[in-house]
Asker: 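A single structure is presented below for examination.
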Amino acid sequence: MPQESSQRPHRVAVIVDEGTNPFEVGVATELFGLPRPELALPGPLYEVTLCAPAPEIRMNHGFFTLTGVRGLDAVAEADTLVVPGRPDNVVPRGPDVLDAIRRAHARGARVMSFCTGTFALAEAGLLDGRRAATHWRWADSFRRLHPEVLLEPDVLFVDEGDLLTAAGSAAALDLGLYIWRRDHGAEIANHVSRRLVFAAHRDGGQRQFVERPVPQVRDESLAPLLDWAQERLGEPLTVAELAARARVSPATLHRRFRAQLGTTPLAWLTSERVTLACRLIERGEERLDVVAARSGLGSAANLRARLRQATGLSPSAYRRRFGSGGGEALVS
């Protein structure tokens with residue numbers, strides 16, 4: 001949850017190993033290392049430390065050499081450890097890197113991997129019997145090397161509580177924004193996503209590989225429809241109404257959602273409504289029936305079920321953690 005001014009920021013360590021992909025290191029620093037003046041908070045919520053097993057680290061394909069970062073001792077101070085990917089994922093990580101990952105997890109730090117960083121978590125033995133995601137291109141080699149891991153090959157990211165794995169470089173942004181939302185609520189996460197000019201919320205269960213066919217006759221982008229629907233979430237929108245607005249059949253709309261967003265129209269609507277409900281609670285709305293109605297979730301019972309499914313929290317617990325109006329229970 002957001003820290004008060006008297007509390008220290010949440011410490012994030014990023015392991016930069018030989019051959020690490022620069023983009024994923026940049027994702028971690030962009031998400032958690034930059035000042036956030038738009039949030040108007042008394043202090044930073046996160047601080048990032050890059051650390052490496054050697055004084056000089058050659059990045060992917062030798063694009064540049066990274067120097068001047070801390071050693072792996074910084075991992076011992078981290079509340080969250082981020083392990084980016086690298087293209088030579090079948091080459092084992094060094095024992096010092098694997099030991100640092102194991103020690104962080106053993107003392108209770110949150111451990112996240114981006115893209116093929118999942119290989120490192122598996123090499124460290126953290127993913128045995130656990131669900132995980134990695135880039136679709138390396139799914140087969142991952143299965144051969146780590147058959148004991150429950151690989152989910154077609155999702156953006158997997159949350160196993162203390163272990164989180166993102167499927168690819170762009171999915172790392174999805175996972176990072178998910179962490180912002182989990183730590184600090186939907187309202188703050190939305191501000192961060194707007195700063196990134198990135199989708200505020202893509203559910204981890206969405207498909208990795210999304211086909212985007214080039215339209216031959218007219219623009220088939222869903223963006224105008226999504227904008228229209230987001231302004232009407234409190235109305236009893238149905239998939240049939242969305243299809244009528246888009247002037248296509250429900251089956252065609254379903255195919256376009258799958259192709260462009262990797263999800264279904266109903267799942268997208270539900271996700272948007274839950275996000276709106278979270279923001280209403282954070283802004284201080286105490287009446288559960290009002291939140292349910294304004295977000296389009298209909299009933300207090302449905303709101304409770306959907307919010308718990310999405311966040312693991314009841315509406316009252318969510319308000320205590322992220323709300324602006326104190327710790328009183330929401331009322332129906």
Side-chain angles (χ1 to χ4, degrees), residues 1-12 14 23-48 79-80 82 110 112 114 156-157 159 164 166 169-204 206 223 226-234 261 268-286 291 294-297 306-307 310-313 315 317-327:
M1 61 183 295
Q3 289 91 352
E4 301 297 332
S5 58
S6 61
Q7 294 180 305
R8 63 168 177 79
H10 184 99
R11 294 177 294 207
V12 179
V14 183
F23 179 82
E24 290 156 25
V25 177
V27 167
T29 54
E30 175 79 23
L31 281 166
F32 303 115
L34 296 185
R36 301 285 173 190
E38 67 273 19
L39 299 182
L41 297 172
L45 299 177
Y46 300 96
E47 64 179 22
V48 170
D79 303 304
T80 292
V82 177
R110 179 169 59 192
M112 302 166 51
F114 292 166
L156 294 178
F157 60 84
D159 177 5
L164 301 98
S169 298
L173 282 165
D174 291 300
L175 178 56
L177 287 170
Y178 171 79
I179 289 297
W180 270 96
R181 191 166 59 254
R182 197 172 85 169
D183 288 354
H184 303 291
E187 188 77 8
I188 284 181
N190 187 61
H191 280 289
V192 175
S193 70
R194 284 165 56 193
R195 167 90 173 263
L196 291 168
V197 196
F198 194 74
H201 174 53
R202 290 200 299 169
D203 186 80
Q206 290 183 208
L226 302 185
D227 290 343
W228 178 85
Q230 284 173 327
E231 295 176 357
R232 294 164 175 81
L233 292 175
L261 300 179
W268 179 84
L269 265 178
T270 300
S271 175
E272 291 296 312
R273 284 168 166 160
V274 170
T275 299
L276 177 56
C278 289
R279 295 176 69 181
L280 290 171
I281 293 171
E282 290 170 32
R283 292 172 181 174
E285 178 55 65
E286 298 182 11
V291 174
R294 289 181 60 188
S295 64
L297 290 173
R306 296 295 185 180
L307 192 65
T311 69
L313 300 172
Y318 190 91
R319 182 171 182 266
R320 284 194 297 270
R321 183 170 181 183
F322 298 119
S324 59

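No experiment lies behind these values; they were computed from the predicted model shown. If you read the sequence from its start, that first residue is 1, and numbering goes on from there.
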Asker: Once the angle between the rings of Tyr46 and His184 is folded into 0 to 90°, is it parallel (under 30°), tilted (30 to 60°) or perpendicular (over 60°)?
Answerer: perpendicular

Asker: Kindly give the heavy-atom pair with the smallest separation between Arg36 and Glu30, and that separation in Å.
Answerer: NH2-O, 2.5 Å

Asker: Does Arg11 CZ have over 12 foreign heavy atoms under 6.0 Å away?
Answerer: yes

Asker: Let me confirm one number: the NE2-CG distance from His10 to Asp79, rounded to the nearest 0.5 Å.
Answerer: 4.5 Å

Asker: Leu31 and Ile179: side-chain contact (heavy atoms from CB on, under 4.5 Å), yes or no, with the steps?
Answerer: CA-CA 10 Å; Leu31 281 166; Ile179 289 297; over 6 Å; no

Asker: Heavy atoms, side chains only, cut-off 4.5 Å: are Leu261 and Leu226 in contact?
Answerer: yes

Asker: Kindly indicate whether the side chain of Thr270, heavy atoms from C-beta on, has any atom under 4.5 Å from the side chain of Arg306.
Answerer: yes

Asker: So Ile281 and Phe322, do their side chains get closer than 4.5 Å, heavy atoms only?
Answerer: no

Asker: Between Cys278 and Ala186, which heavy-atom pair has the shortest distance, and what is it?
Answerer: CB-CB, 3.8 Å

Asker: Could you report the tightest heavy-atom contact between Arg273 and Leu233, atom names first, then the distance?
Answerer: NE-O, 3.1 Å

Asker: Sub-3.5 Å donor-acceptor pair from the side chain of Trp180 to the main-chain atoms of Ser193, do we have one?
Answerer: no

Asker: Can you check whether Leu313 reaches Leu307 side chain to side chain, under 4.5 Å on heavy atoms?
Answerer: no

Asker: Could I get the full list of side chain to side chain donor-acceptor pair (under 3.5 Å) partners for Glu187, not counting sequence neighbours?
Answerer: Arg279, Arg283

Asker: When rounded to the nearest 0.5 angstrom, what distance separates CG in Leu276 from CD in Glu272?
Answerer: 9.0 Å

Asker: Would you compute the distance between atom OG1 of Thr275 and atom CG of Leu280 and round it to the nearest 0.5 angstrom?
Answerer: 11.0 Å

Asker: Quick check: do Arg182 and Asp159 have side-chain heavy atoms less than 4.5 Å from each other?
Answerer: yes

Asker: If you define the side chain from C-beta out and look only at heavy atoms, does anything of Leu175 sit under 4.5 Å from Leu164?
Answerer: yes

Asker: To the closest 0.5 Å, what do you measure between CZ (Arg232) and CG (Asp227)?
Answerer: 10.5 Å

Asker: Looking only at atom types and distance, does a side-chain atom of Thr29 sit under 3.5 Å from a main-chain N or O of Gly26, one as donor and one as acceptor?
Answerer: yes

Asker: State which residues pass side chain to side chain donor-acceptor pair (under 3.5 Å) with Glu38; sequence neighbours excluded, sorted by chain then number.
Answerer: Arg195

Asker: In Å, rounded to the nearest 0.5 Å, how long is the span from CE of Met112 to OG1 of Thr80?
Answerer: 7.0 Å

Asker: Strictly distance-based, threshold 3.5 Å: is any side-chain N or O of Arg110 a donor or acceptor partner for the main-chain N or O of Val12?
Answerer: no

Asker: As an exercise, state the distance from CG of Leu173 to CZ of Phe157, rounded to the nearest 0.5 Å.
Answerer: 11.5 Å

Asker: I want to check something: taking the side chain as every heavy atom from C-beta on, are Val82 and Val48 in contact at a cut-off of under 4.5 Å?
Answerer: no

Asker: For Arg319, is there an ion pair with Glu286 - N to carboxylate O distance below 4.0 angstrom?
Answerer: yes

